[in-house]
Each structure stands twice: as structure tokens, then as C-alpha cells.
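Whatever order the structure lists ligands and atoms in, that order sets their numbers, starting from 1. From a predicted model like this one, the values you see are computed outputs, not experimental measurements.
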Amino acid sequence: MKKSFIVANWKMNPDTLDAAVRLAADIERALPTPMNADVVVAPPFPFLAPVGRALKKSMLGAQDMFWEETGAYTGEVSGRELASLRVRYAIIGHSERRMHFGEDDAAINKKARAAVSQGIAPIICVGERERAGADIPPIVSEQARAAFAGIKKESLRNIVVAYEPVWAISTTAGASGADAPERIFRARLAIEKSIADRYDPAAAKKVRIIYGGSVRPGEIGAIIKEGHMDGALVGGASLSPKEFGEIVRRASNR
Ligand code: PGA
């Protein structure tokens with residue numbers, strides 16, 4: 001049975017170390033046994049090491065990383081530094097980084113390549129900003145295509161792509177819940193095709209593709225079954241151990 005892949009993206013929450021360690025411990029307690037899912041918890045940078053110590057069933061992730069390994073880059077964090085904290089995954093190119101920090105496809109590709117070479121599995125985020133009807137706008141395929149430039153085929157099994165339509169993210173003004181499962185499936189096919197065009201169809205199947213945007217326990221089943229996604233990137237609901245645990249429980253029973 002295929003394992004689901006569920007990521008908790010805490011964003012810039014919670015606001016203290018104590019609260020972060022407590023949240024991690026509460027999430028661990030809320031996870032199901034047995035668990036047929038790979039779960040990644042991505043706290044803010046300063047909480048990575050202590051949160052990592054609180055994780056048992058889940059793995060540690062970062063919310064970003066820089067592309068250089070070391071050097072004079074004030075304020076930046078490298079993949080090698082993250083790997084030394086036993087960080088396994090890094091979210092790359094989240095729409096909030098594209099919007100508020102000016103990250104473009106070229107920067108995101110550099111980060112994705114650096115992650116692979118520095119021993120971190122990238123979770124590459126793509127998605128359109130505006131609600132665009134039933135069709136998946138070309139920007140989604142373009143972002144996916146750009147992200148994979150220079151990445152070797154052998155590395156694909158360690159790469160995750162998250163389709164996150166920005167308009168469906170819970171904190172976006174006017175957001176009205178998760179995207180429809182049939183549209184999510186279309187996004188999956190579009191992303192898979194852009195990877196297949198660069199490599200080949202069999203290689204594209206190795207990349208895990210997940211959905212993000214207002215994922216709650218009520219939606220995860222359809223996202224996986226009808227949306228044919230490998231899992232989900234969860235923001236708001238990942239701050240609630242009860243909701244997050246329930247999402248993982250349902251994703252485990254696929
Ligand atoms: P959300 O966030 O689940 O709160 O919509 C998802 C994300 O932005 O990663």
C-alpha cells in the first residue's frame with residue numbers, strides 16, 4: 001500500500017520555544033498507530049533542534065533554505081546546516097516566499113538543486129495566485145518545469161512537489177476552502193506531465209505530488225482518492241494536534 005505524505009507547515013507560529021515543543025509533543029501524541037504515512041513537521045528555524053528532539057514518529061522539515069553551503073550570507077541558513085540538525089526536508093518556493101520575499105523560479109530552482117546536493121529533500125511549491133476556473137493555468141506547469149532544471153533523474157525519488165493554489169490557502173483574503181478534487185487531479189496530471197517532458201513518464205511517477213490549501217480532516221480523503229494526490233501540505237490545521245492527527249489518520253487509511 002502506498003504511503004501518504006503529510007507535511008505540517010507551521011509558518012511563523014507559535015511565538016515561543018516552549019509552545020513549539022509542546023505543540024510538537026501534542027502532535028506526536030495525536031498521530032495514529034499504526035501510521036501508514038510519512039509525516040514531516042516544519043517549525044520556524046529557531047525551534048528546529050528542540051522540536052526535532054520531540055519528534056518520534058514524524059520527521060523534521062525546514063520552511064526554506066539558502067542555496068550556498070557556507071559563507072558570507074548574513075541571515076541565511078544552508079542545507080548542510082539543516083542536515084546537521086537532522087532536518088530531512090525543506091519547503092522550497094512557498095507562495096508566501098514568492099510573494100513577500102520576491103523569490104522567482106530561478107531562485108527556487110537554485111534552492112531545489114542545492115537541497116538535493118546537500119542531502120535535503122525539497123518540497124517544491126507551485127500554484128497560481130488567482131482562481132482560474134476548471135483549467136489549470138500554464139503558470140503551474142511553468143513553475144514545475146523551471147524547478148527541475150539541472151536536477152538529475154536519480155534524485156527524483158527524493159523530491160516532492162506541492163500544488164498550492166494561492167487563492168485556496170486559508171490565510172488568503174476571500175479563501176473559501178480547499179480546491180475541488182477533480183481540479184486537484186488535473187493539477188496533478190499537469191505537474192506530472194511537465195516532469196515527464198523533462199525526463200520521461202516513468203521518472204515523473206517517482207516524484208511525490210501533494211496538495212495544499214485549506215486542508216482539513218473532512219477533505220483529505222477526497223484529495224487522495226479523487227484528487228489522486230500522494231498527500232497534503234497543511235498550514236492552519238497543523239497548529240491543531242487534534243485536526244492534524246485526524247488528517248494523518250485518514251490519510252493512513254487510504
Ligand atoms: P493552509 O496553508 O492549510 O492554512 O491553507 C497551507 C500552506 O500555505 O502551506
Student: Could R216 and E243 be called an ion pair, given the rule that one side-chain N must be under 4.0 Å from one carboxylate O?
Tutor: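 A salt bridge links R216 with E243.
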Student: Less than 4.0 Å is my threshold; does some heavy atom of T171 fall inside it relative to ligand 1?
Tutor: no
Student: Can you name the atoms of ligand 1, numbered from 1 with element, that are less than 4.0 Å from a heavy atom of G236?
Tutor: 1 (P), 3 (O), 4 (O)
Student: Enumerate the atoms of ligand 1 whose separation from the nearest heavy atom of N9 is less than 4.0 angstrom.
Tutor: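 In order of numbering, the contacting atoms are 9 (O).
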Student: For atom 1 (P) of ligand 1, grab the closest protein heavy atom and report residue, atom and distance to one decimal in Å.
Tutor: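 Of the protein heavy atoms, S170 OG, 3.5 Å lies nearest.
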Student: Should the proximity of I169 to ligand 1, defined as any heavy atom under 4.0 Å, be assigned to the side chain, the backbone, both, or neither?
Tutor: both
Student: Tell me the protein heavy atom at minimum distance from atom 3 (O) of ligand 1, and give that distance in Å.
Tutor: G235 N, 2.8 Å
Student: Are the side chain of R208 and the backbone of D230 linked by a donor-acceptor contact shorter than 3.5 Å?
Tutor: no
Student: Please confirm whether S214 approaches ligand 1 to less than 4.0 Å, judged on its heavy atoms.
Tutor: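 In this structure, S214 qualifies as a contact of ligand 1 - some heavy atom is under 4.0 Å.
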Student: Assess the side chains of R183 and Y163: does a donor N or O sit below 3.5 Å from an acceptor N or O?
Tutor: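 Per modelled atom types, R183 and Y163 side chains form a pair under 3.5 Å.
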Student: Could you tell me the residue and atom name of the protein heavy atom closest to atom 9 (O) of ligand 1, and the distance to it rounded to 0.1 Å?
Tutor: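 It is E164 OE2, 2.8 Å.
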Student: Does any non-hydrogen side-chain atom of V140 lie less than 4.5 Å from one of P165?
Tutor: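 Not touching, per the 4.5 Å side-chain cut-off.
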Student: Tell me if the NZ atom of K193 is crowded by more than 12 foreign heavy atoms within 6.0 Å.
Tutor: no
Student: What residue pairs, at least two apart or across chains, pass side-chain hydrogen bond (donor to acceptor under 3.5 Å, both in side chains) with a residue in residues 141-161?
Tutor: K153-D200
Student: G213 near ligand 1, heavy-atom distance under 4.0 Å?
Tutor: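 So G213 counts as touching ligand 1.
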Student: Testing the 3.5 Å rule here: is there a donor-acceptor pair between the side chains of E128 and W167?
Tutor: yes
Student: Would you indicate which of K11, Q63, E96 comes nearest to atom 8 (O) of ligand 1 when only heavy atoms are counted?
Tutor: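 That would be K11.
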